[in-house]
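The structure appears right after this line, and notes come after that.
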Amino acid sequence: MYLFGESLGNINNLSRSASRRIFREGVLIKCVQCGHTYDPDPFMVLCPRCRGLLEVVMPSKTSFSMEIARMRRFSVWRYRELLPIDDGVTPVTLNEGGTPLIPLMRCRSGTERVVDVYVKFEGSNPTGSFKDRGMTVGVTIARNIGVEGVIVASTGNTAASAAAYAARAGLRCVVVLPKGGVAKGKIAQALLHGAEIREVEGAFDDALDDVFTEVVVNGGRKLYPLNSYNPWRLEGQKTIAFEIVDELGFVPDIVIVPVGNAGNISAIWKGFKELYSYGLIDKLPRMVGVQAAGAAPLALTWEQGADRLHAVENPQTIASAIRIGKPVNWLKALRAVKESGGRFITVSDEEILVAMKMLAALEGIGVEPASAASLAGYRKLVDSNLIDGGEVVVLIATGHALKDPDTIVSKVAARALQLG
Ligand code: AN7
């Protein structure tokens with residue numbers, strides 16, 4: 001694993017019996033690089049053989065039924081049987097998920113070609129971003145494995161979410177942030193929920209290196225790492241796919257996702273694939289990953305048809321949430337997008353700001369800049385004739401407008417609408 005150097009072999013032996021009490025019967029973890037499978041172990045964060053990223057493998061059969069699930073609250077834990085946590089474990093939850101799927105009414109460019117465009121508004125999660133879906137699962141595990149607290153590197157939303165869920169679980173929370181690179185609303189949340197903040201020079205990627213040092217020193221047993229290389233956290237995020245199918249009653253043709261560390265797009269695709277493998281849906285969507293032009297390692301890798309990541313040193317974009325040059329989940333995301341028949345695209349900061357204003361002023365949907373990348377990406381696909389007539393599109397709006405008030409006030413609020 002190129003990003004973290006050499007040091008991870010020794011973090012992987014919570015006793016099997018302890019793991020069994022946390023994880024659902026039949027769940028395994030598998031290395032996405034060498035394909036080796038292991039019994040579930042919360043402390044195994046990379047493959048001990050090849051240091052590849054791990055992913056959770058769900059049992060081949062499930063007792064899940066959408067009809068029964070629909071009698072439960074519309075939230076992440078509605079899909080409990082599709083999550084890897086044992087039914088006997090009480091979740092650390094704020095009733096996350098169950099976010100609105102909102103049809104666009106006024107800003108569908110190319111409406112003559114596209115029938116339905118929906119926004120999945122993840123800003124309505126308890127801390128204002130999709131990260132809560134992962135944290136409910138990740139912190140639930142952390143509370144059950146005897147650690148002192150959790151640690152995350154973050155461009156902000158992961159920090160806000162980890163801080164809130166750790167508070168609820170009675171755990172410490174340490175957040176490592178790129179100095180000057182985190183929007184004000186997110187820092188305010190982390191402080192409010194009582195997180196210990198460490199700032200590092202450089203970008204998110206440097207902050208993540210710092211977390212890894214901590215993990216290597218203490219084996220994750222003191223502060224449990226909940227960045228998106230943690231395969232368990234991503235399991236919560238796959239519920240975005242479940243909710244889309246649950247609410248629409250069918251599978252959309254295209255799902256458009258802003259991409260930073262690339263965990264979310266990988267998780268959403270995994271969610272669709274699991275529904276498909278259980279026979280709960282009979283088709284799959286195309287996944288489109290949108291990156292900011294100045295922080296587009298995956299889009300560059302995609303354009304080059306490369307199978308190694310084209311990392312970006314010193315990533316730049318106004319969308320600070322996705323200002324990431326070495327996405328940890330690049331391999332999972334590349335595979336997801338390829339397998340789905342989708343693509344990666346880039347959008348400029350200007351296109352992001354226009355889309356952000358459009359969503360807010362024409363639709364009443366207030367999102368932060370990174371989230372507007374999905375509408376900007378959609379507009380680009382339409383302009384490039386990459387969307388056919390009659391297709392149903394879902395845009396993932398990942399975080400709330402209040403996360404980044406400074407960008408709104410300085411760059412977006414007074415902006416005239418450009419609807420071309
Ligand atoms: C609003 O909080 O990486 O591709 O540290 O906050 O799964 O990384 C945030 C990411 C999109 C990208 N939209 O998701 C963090 C962090 C918003 C985000 C993304 C983020 P991934």
Side-chain angles (χ1 to χ4, degrees), residues 74-76 96-111 113-133 157 237-260 264-265 267-269 271-272 285-292 319 321-322 342 345 347 351-383 386-387 390-404 408 412 417 419:
F74 187 34
S75 73
V76 163
E96 52 293 316
T99 56
L101 190 65
I102 309 168
L104 288 191
M105 307 300 285
R106 298 179 64 208
C107 67
R108 294 179 295 180
S109 64
T111 34
R113 269 179 278 134
V114 176
V115 174
D116 284 320
V117 184
Y118 296 88
V119 167
K120 181 74 170 157
F121 184 41
E122 290 294 293
S124 80
N125 273 296
T127 77
S129 85
F130 69 96
K131 304 286 183 182
D132 295 346
R133 297 178 184 274
N157 280 325
Q237 292 174 210
K238 74 188 182 184
T239 56
I240 289 179
F242 303 160
E243 287 185 8
I244 290 170
V245 171
D246 189 351
E247 190 161 1
L248 281 179
F250 59 88
V251 179
D253 298 291
I254 302 177
V255 178
I256 305 184
V257 190
V259 171
N264 206 32
I265 194 167
I268 297 171
W269 175 241
F272 282 114
R286 310 204 295 281
M287 304 296 296
V288 174
V290 188
Q291 296 207 287
I322 53 173
I345 55 173
V347 292
E351 287 166 332
I352 286 174
L353 294 173
V354 169
M356 187 173 163
K357 178 77 183 192
M358 286 178 75
L359 272 179
L362 296 177
E363 304 284 352
I365 302 172
V367 303
E368 66 169 290
S371 313
S374 52
L375 176 64
Y378 163 73
R379 282 163 49 85
K380 200 153 217 181
L381 291 180
V382 169
D383 289 346
L386 289 168
I387 291 187
E391 292 196 300
V392 177
V393 179
V394 174
L395 313 177
I396 310 299
T398 43
H400 200 282
L402 291 172
K403 294 283 190 175
D404 191 356
I408 294 177
V412 185
L417 275 177
L419 301 176

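These figures come from a predicted structure and were not determined experimentally.
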Distance from [X] atom [atom1] to [Y] atom [atom2], nearest 0.5 Å?
X    : Y    : atom1 : atom2 : result
R133 : N264 : CZ    : CG    : 8.5 Å
I256 : I345 : CD1   : CD1   : 6.5 Å
D246 : F74  : CG    : CZ    : 5.5 Å
T398 : N125 : OG1   : CG    : 10.5 Å
M105 : L362 : CE    : CG    : 12.5 Å
I396 : I268 : CD1   : CD1   : 4.5 Å

Does the pair R379/E351 count as a salt bridge with the N-to-O cut at 4.0 Å? no

Could you tell me whether a side-chain N or O of [X] sits under 3.5 Å from a main-chain N or O of [Y], the two making a donor and an acceptor?
X    : Y    : result
D404 : E368 : no
E96  : V76  : no
Q237 : K131 : no

If you look at every heavy atom in [X] and [Y], which pair is closest and at what distance?
X    : Y    : result
N157 : S129 : CB-OG, 3.6 Å
V290 : S374 : CG2-CA, 4.4 Å
K357 : V412 : CD-O, 3.5 Å
A321 : A370 : CB-CB, 3.6 Å
P252 : P285 : O-CB, 3.3 Å
I322 : A292 : CD1-N, 4.1 Å

For residues L104 and L375, determine if any side-chain heavy atom of one lies less than 4.5 Å from a side-chain heavy atom of the other.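 Yes, their side chains come closer than 4.5 Å.
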
Min side-chain heavy-atom separation I102-E363 under 4.5 Å: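 When only atoms from C-beta onward are counted, E363 and I102 do not touch, as no gap falls below 4.5 Å.
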
The single option from L395, V257, I254 that satisfies side chain to side chain contact (heavy atoms under 4.5 Å, CB included) with V288 is I254

Can you name the ring pair (Phe, Tyr, Trp, His ring centres under 6.0 Å) partners of F272, sequence neighbours left out?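 Partners of F272 under the ring pair (Phe, Tyr, Trp, His ring centres under 6.0 Å) test: none.
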
side-chain contact (heavy atoms from CB on, under 4.5 Å) involving D253 - partner list, sequence neighbours excluded: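 D253 satisfies side-chain contact (heavy atoms from CB on, under 4.5 Å) with K283, E391, V392 once adjacent residues are dropped.
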
Does any donor atom in the side chain of T99 or E122 lie under 3.5 Å from an acceptor atom in the other side chain?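 Yes - a donor-acceptor pair under 3.5 Å links their side chains.
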
